[in-house]
Participant: 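Shown below is the structure under consideration.
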Amino acid sequence: MNESKMTPEEEHAFYSNPENLTPQGPVRRRKQRLTELVPVRFPPDVLEQVRAAAEADDRSVSSWIRQAVSRELRVGRS
């Protein structure tokens, strides 16, 4: 498979093949369990930037936001 970005149609075709559903690499576990769902709302322009940044980092939006908050908390305590 090519490492470049696939279109949604290409992703659908790729993952429709059961051979492409086998997990790759070692299992990754969170260090801590998540404790509570916290709804957060963003203006559309900010959410667009968050989605772009998450995609650039190959992370989910939720994961990217958790990482950004953790980083901000570490910097704020320095």
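This structure is a prediction, so every number in the text was calculated from the model and none was measured.
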Participant: Any sub-3.5 Å donor-acceptor pair from Asn20's side-chain atoms to Phe14's backbone N or O?
Facilitator: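 The answer is yes, because a donor-acceptor pair under 3.5 Å joins these two groups.
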Participant: Is there a side-chain contact between Gln67 and Arg71 in this structure, where contact means two heavy atoms from C-beta onward sitting under 4.5 Å apart?
Facilitator: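 Result yes, sub-4.5 Å side-chain heavy-atom pair found.
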Participant: How far apart are the C-alpha atoms of Val50 and Ile65, what are their side-chain angles, what is the distance that settles it, and do they pass the side-chain contact (heavy atoms from CB on, under 4.5 Å) test?
Facilitator: CA-CA 8 Å; Val50 168; Ile65 291 170; 4.0 Å; yes
Participant: So, the side chain of Asp57 versus the backbone of Arg59: is there a donor-acceptor pair under 3.5 Å, distance only?
Facilitator: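 A pair under 3.5 Å: no.
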Participant: Identify the heavy atoms of Ser60 and Ala54 that sit nearest to each other, and give their distance.
Facilitator: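 So the minimum-distance heavy-atom pair works out to O-CB, 3.8 Å.
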Participant: Do the non-hydrogen side-chain atoms of Glu10 and Thr7 ever get within less than 4.5 Å of each other?
Facilitator: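 Side-chain contact under 4.5 Å: yes.
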Participant: May I ask you to check whether over 12 heavy atoms, not counting those of Asn17, lie within 6.0 Å of atom CG?
Facilitator: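 Yes, CG of Asn17 has more than 12 neighbouring heavy atoms, counting only those of other groups under 6.0 Å.
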Participant: Check this for me: Glu11, atom CD, are more than 12 non-hydrogen atoms of other residues, nucleotides or ligands nearer than 6.0 Å?
Facilitator: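 It does: Glu11 CD has more than 12 such atoms within range.
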